[in-house]
Structures are given as structure tokens and as C-alpha cells.
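For reference, the structure discussed in these notes is given below.
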Number of protein chains: 2
Amino acid sequence: MTASEKPSHHHGNLRSALINAGVQLLSEGGLEALTLRKAASVAGVSHAAPAHHFASLTNLRSAIAAAGFDIFDASMKREIKKVSSSNPSAVIRAACRGYIIFAIDNPALFSLMFGGTELIREEPPLGASSSLAYETLTQICLPYSRDAKSLENMRMLVWSLVHGFTSLMLAQQKNFPSADDAIRQFEEMLPDFSKLQNGE
Amino acid sequence: MTASEKPSHHHGNLRSALINAGVQLLSEGGLEALTLRKAASVAGVSHAAPAHHFASLTNLRSAIAAAGFDIFDASMKREIKKVSSSNPSAVIRAACRGYIIFAIDNPALFSLMFGGTELIREEPPLGASSSLAYETLTQICLPYSRDAKSLENMRMLVWSLVHGFTSLMLAQQKNFPSADDAIRQFEEMLPDFSKLQNGE
DNA sequence: CCTCGATCTAGACACTGTCAAGTTAATTGA
DNA sequence: TCAATTAACTTGACAGTGTCTAGATCGAGG
């Protein structure tokens, strides 16, 4: 949509425009700043236009959360790529760094995804994107699993640890630490954790 | 407030009545069912009455969250009392059971307390109650701490683990498991965790 | 008894999600 | 090519929300 295009009655790509507007509203004003009408306004359409793409606010929130899971998964994968994949423990720690970085960079989005807001989790947009991140978290635990049950336990252990740490960090401090400080604190807590790996 | 008392213009104890009404609304309709006007209605007063006790919805939410932290702390302490206090690891596991039980019994309250809703965390009502629970979590880690730093790491480790597990459980399943099932799943994940205790 | 302050009511305003009806534009089909 | 159909959007309305202002009522202290 360049400036040379004359404004059309049809927006063209309103659905993704509303999602982008929602992400922006979240990052600027927190959870409660995300409203259908504001998103419509930012996207440059009337207040009722979103209804044709999202049946309700819950649907828009779910689509935004799905976009959040994509960013989230990308953040973990980016940090994983930075380290040698031959060291399983380093890979897990890298994923955790990506986890924390995402939350610090997108606290309101993180809250929307995990904070208890009603979302439609099963259907395609959100279900697929969250499964992606789920899969990444499973992959990094594979080296530590002997069977299906130990994999599930390890995955839940790692996920619980990093998710709990991140959630509590966001809930406690009004002014979050920098991502570097948060990661430092997490890894300082973690050394004991490495004992339960079968060897690093 | 018995039925024999004639209704007075003054409610008498509107502040706590609104908090109780809020807890009820949360448990019946989730996060978004908690509104000032509904709480006022449940308490039997006009829509503007709450303003004299809570300057804004955020203040009411904070007071309700404070009440939640009291229940939360009581739930942990109740489980701790059930076990012999001579076994530090058993005490920690008991506290975690209380943590999970509270979340299963009060999912919306849990979301309000930790889910990213804006709250006034420093001031007396919420600040004091959350410090109480914080203190309980610190106490159960004392047997495993050699110094201030190791205590902080252990506390954060335990808290992150149980909080992350609980949050993810509430976020993932629309129909939560029973408290018993959730605790079983948590403790099944935990055995590896016991390795990092200096001895059970 | 009377005053005064605390408590609550009534009304209003802007904002919200959602619905219904109408308008515009793109696409399809003959 | 051009009319008809359908998708996309606008306008208007409604109930519900937080919050403000003004006024009414009650309880306690002088």
C-alpha cells in the first residue's frame, strides 16, 4: 500500500492490518489498550469493519496471540542458531534466552498469550502457531530423553522453569530489568539445574 | 447483617462486601466478569457507590488480588502443616501442592494476580499480602540455602518451577485437570528436581 | 437539637463490543 | 462487455462499562 495508490473502499488486507494494529496497541498501551475500535481506527477503517474478519474481540485477540507465538518461536530459534548445536545444554539455555528476550520485548503480548485472557486456542491460527513453539521446546529436550515419558517430563521441566521465571519477573517489577539482566539472573539460578542433566 | 436489620442508607461494610462480590464474580464468570457495576449490584448498592472505597477499577482489582494472596498463602500453609516439618523436601513439595490447589480452585483469581492485569502492587493491601506469600516461599527454601545468594536462587527456582507449571496448565487446558491429577503430573516431573537438593 | 462530614444515589458522558441496515466496489457469469 | 451477485466496508443504534458531578441521606459530635 504505497501513497500513490488511491484510497479504495476495500482495504485490501484488513485482516493482517488489524493484527498489526493490535500488536502496536498492545506494545504502546498494554492489555487494556487493545480494543476493536482502536484497532479499526489505526487501520483506517470504520469501527464495524473488523466484524467481517473477526467475529468478536476474542477472535482478534486469538489472532494477535497467534502472531505473538510466531514471534516467540522465532526469538527462541534465533538464539538457538547462535550457539553450537552440539551442546544440548547450551541449546536449552539459548532457547530460554530467546524466551526471556521475547517477553521483555513484548510484555503485553506475552500477557495476552499466557495471562488468562479468554482465547480460542484450538482453531487454526492460534493452534498452529502455538504448536510450533511447543515443538521447538520439545526438540531441544530430545537429547535428554530416554523415552516418551522422560521427554515429556524434561520438556515440562524446562518450560515450567523458564515460563515461571519470566512470568514472575513481568508480574513483580513494574519496570522490567533489561533482557541482559534478566538472562543473567536466570542463568545464575540455573547452575544447580544443570546437575539434573545427564551430563553437559 | 441479619434479615431483621432494616436496610440502611449506609451499607456498613461496603468495602469488604465489594471484595467478596468481586471474588464471586471472578469465580463465576472469569476475568472479564469482574466489573465495578456488577460488584456494586451484587453488594446491593448503586453503581457509583464503589467510588468512595475504590478510586478506580484497578484499585478494586488490587484489593481482590490482595485477598487472593491471603487465600493463596493459606492454601500453601495448610498443605505444609499436613507434613512433618522435619523433611525439608517434603515441605517444599507440600507448598507446591498448596500452590497448585489454589490455582485449580481459583483460576480467575490466579489470573488476576499473575496474568498481567495492571495492579497497584506496592501499596498496603496488595503489597502486604503478596509479601506474606513471598515470605512463605522463602521459609521453605531455608534448609537448602548456604548463604543469601543460594537462598535467593533456590527460592526463585522453586517458585519458577511451580508457578510455570501452574500457569501453563491453566493456559493450555480449557478444562483443567483435577487438583489431584495436576499434582500427580507435577510430582512426576519433579523427581529429577530432587537431585539438586543437597540430600533428601 | 443541630450541624457537619461520611456515605450513598441519581444522572450524565465518553467509550466499548456488537448488531442491523445500507452503500460501495470487485468479481463473476453470460 | 456489462449486468448481477457477492464480498467489504460505512453508518447508526443499543446496552453495558468506568468515571465524574451534584444532590440526598444518615450517623456522630458539639
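Note that the structure is predicted; figures quoted are calculated from it, not measured. Convention: sequence-line order gives letters A, B, ...; per-chain numbering from 1.
Rounded to whole Å, atom C1' of C/dC15 lies 12 Å from atom NE2 of A/H47. One can place CZ of B/R61 at 10 Å from C1' of D/dG18, the figure rounded to the nearest angstrom. Here C/dT7 presents its C1' atom at 9 Å from CG of B/L14, a figure rounded to the nearest Å. Taking atom CG on A/N13 and atom P on D/dA7, their separation rounds to 18 Å, with Å as the unit. Distance CD (A/E32) to C1' (D/dT19): 14 Å, rounded to an integer number of Å. B/F54 places its CZ atom 12 Å from the P atom of C/dT7, with the value rounded to the nearest Å. With rounding to whole Å, A/H52 atom NE2 is found 12 Å from C/dC19 atom P.
A salt bridge links B/E187 with B/R97; the closest basic N to acidic carboxylate O contact falls under 4.0 Å.
Considering B/F165, B/F186, B/F110 as possible partners of B/Y99, the one that fulfils the side chain to side chain contact (heavy atoms under 4.5 Å, CB included) test is B/F110.
Nearest-nucleotide positions on DNA chain D for B/S56 and A/S46 put A/S46 closer to the 5' end.
The local environment of CD in A/E28 is crowded, with over 12 non-hydrogen atoms from other residues, nucleotides or ligands closer than 6.0 Å.
Every residue two or more places apart in sequence or in another chain that forms a salt bridge (Lys or Arg N to Asp or Glu O under 4.0 Å) with A/K77 is listed here: A/D73.
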What pairs of nitrogen or oxygen atoms, one from the protein and one from nucleotides 14-17 of chain D, lie under 3.5 Å apart?
none

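Residue B/H53 is classed as a sugar-phosphate contact, given heavy-atom separations below 4.0 Å to backbone atoms only.
Inspection of the A/N13 and A/S16 side chains reveals an N or O donor paired with an N or O acceptor under 3.5 Å. The closest side-chain donor-acceptor pair between A/R37 and A/S41, if any, does not fall under 3.5 angstrom. If you check the side chains of A/N59 and A/S56, you find a donor sitting under 3.5 Å from an acceptor.
Among D/dT10, D/dC9, C/dC8, the nucleotide with an atom closest to any side-chain atom of A/A48 is D/dT10. When distances run from any side-chain atom of B/A49 to the nucleotides D/dA8, C/dC8, C/dA10, the shortest one goes to C/dC8.
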